[in-house]
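Keep in mind that this is a model prediction, so the values were computed, not measured.
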Amino acid sequence: MGLFSKANEGEKFTNFFLIRERELKQASNESEYATFLLERNLEIIPAQLWDLTKEQKESLQPKALIKGEGIVTTFKQKKLLKLLRVRLATSDDPVSISELISRKGISREELWQELRMLMEEVTSPILRNILRRVYSERTIREKLTTLPASKTYHHAYYAGLMHNIVELSRAAYQLLPLYPYVNRDLVLSACLLGDIGKTKALRDVVAPEYTSSGELMGHMVLGIEMINEAAREAGISTDDVEVIALKHLMLSQNGDVEKGYGSAVSEKTAEAVMLASIKEMNTKLHAIEMIRERSEEEWVYSPMFKRKMYHS
């Protein structure tokens, strides 16, 4: 079974889904029904289940893995799946939650190996020491290799955080030879550590939410705390020139403060300008890439660009 977005009205649609959200409602005849947001490989599918039974009400909860069969229909000019039959997935079914929240073609193991190789490209003893100490912590490593980069904005899928970090590091690695005056170690280290605070700002791989620290402090501040802690553990001054430069890149990674994208300071070094530019480019091109994967239409509205974008 292909994408729901490409299914025609009246067509039968059967597949495994993750329940992302559920809302119970009451019909005019006082019978209960449920509306859902189902997820499969980054596709979010609105669905309805009528004549809800007591057992279904108890079992069909958010984060549940289900197999559903329904008819594609349209309600208020929006396509949705009218569920006819639904059951919880069992251990015998050929599906897993990680599969449903993953992006096809993305290998967690391959990304981790590439990330480790990119770390070895950093030659500065101070920056390499910090990198190794941060990444050697098991809880951080487990979260990094599973969490999305964001809830919905970009790279919002299983291991999306690591995928984003590797993409940024790849781009920097290719561009740095063109600008020999830019400090290579600083840019690569910032690519590898810029979003590390998200391992403490986000929780729950299946249904990502912000932690209290993430809500109150943000991932940049949390990342700076992690860098300071790693430096102290290594006997490195948090006021070391390289450490300060790295933290500047992390705090200015979303570009000029006036853009309102979350930077604490505007870029004030060549390395900071390069990092912010790579991040902006990667985020925008990723949005277009996702449009290409999920739609066959030439013109598609993008919330990120706030306009229709063309792809052939």
Legend entry - Short side-chain to backbone donor-acceptor contact, R170 and L118, under 3.5 Å: no
Inset, instruction - Taking only Lys NZ, Arg NE, NH1 and NH2, and the carboxylate oxygens of Asp or Glu, determine whether E9 and K79 approach each other closer than 4.0 Å. - result: no
Inset, instruction - Assess the side chains of T211 and S213: does a donor N or O sit below 3.5 Å from an acceptor N or O? - result: no
Legend entry - Side-chain H-bond candidate by donor/acceptor type, N129 with R133, under 3.5 Å: yes
Inset, instruction - Please tell me if the side chains of I106 and L111 come closer than 4.5 Å, counting only heavy atoms from C-beta onward. - result: yes
Inset, instruction - May I ask you to say whether R103 pairs ionically with E289, meaning some side-chain N is under 4.0 Å from a carboxylate O? - result: yes
Legend entry - Residue pairs, two or more places apart or on separate chains, that pass ring-ring contact (aromatic ring centres under 6.0 Å, His included) and touch residues 225-279: none
Legend entry - Qualifying residues under side-chain hydrogen bond (donor to acceptor under 3.5 Å, both in side chains), relative to E21, sequence neighbours excluded: none
Legend entry - Side chain R132, main chain I130, donor-acceptor under 3.5 Å: no
Legend entry - For E137, side-chain hydrogen bond (donor to acceptor under 3.5 Å, both in side chains) partners two or more places apart: T139
Legend entry - With sequence neighbours excluded, residues passing side-chain hydrogen bond (donor to acceptor under 3.5 Å, both in side chains) with N29: S31
Inset, instruction - Answer yes or no: is there a donor N or O on one side and an acceptor on the other, between the side chain of D256 and the main chain of S266, under 3.5 Å? - result: no
Inset, instruction - Apply side chain to side chain contact (heavy atoms under 4.5 Å, CB included) to F75 and list each qualifying residue two or more places apart in sequence or on a separate chain. - result: L80
Legend entry - side chain to side chain contact (heavy atoms under 4.5 Å, CB included) involving A172 - partner list, sequence neighbours excluded: L176, V187, L188, C191, I278
Inset, instruction - May I have all residue pairs that pass side-chain hydrogen bond (donor to acceptor under 3.5 Å, both in side chains) and include part of residues 196-205, sequence neighbours excluded? - result: K63-D204
Legend entry - N282 versus E167, side-chain donor and acceptor atoms under 3.5 Å: yes
Legend entry - For F4, ring pair (Phe, Tyr, Trp, His ring centres under 6.0 Å) partners two or more places apart: F13
Legend entry - Fellow cluster residues of M217, listed by chain then number, with links counted only when side-chain atoms sit under 4.5 Å apart: L216, V221, L222
Legend entry - Residues clustering with I244 (ILVMFWY side chains joined when closer than 4.5 Å, directly or via others): none
Inset, instruction - Using the test side-chain hydrogen bond (donor to acceptor under 3.5 Å, both in side chains), find all partners of E225 that sit at least two apart in sequence or belong to another chain. - result: none
Legend entry - side-chain hydrogen bond (donor to acceptor under 3.5 Å, both in side chains) contacts touching residues 41-54 (sequence neighbours left out): S5-E43, Q48-W50, T53-Q56
Legend entry - Ring geometry between Y181 and Y179 (parallel below 30°, tilted from 30 to 60°, perpendicular above 60°): perpendicular
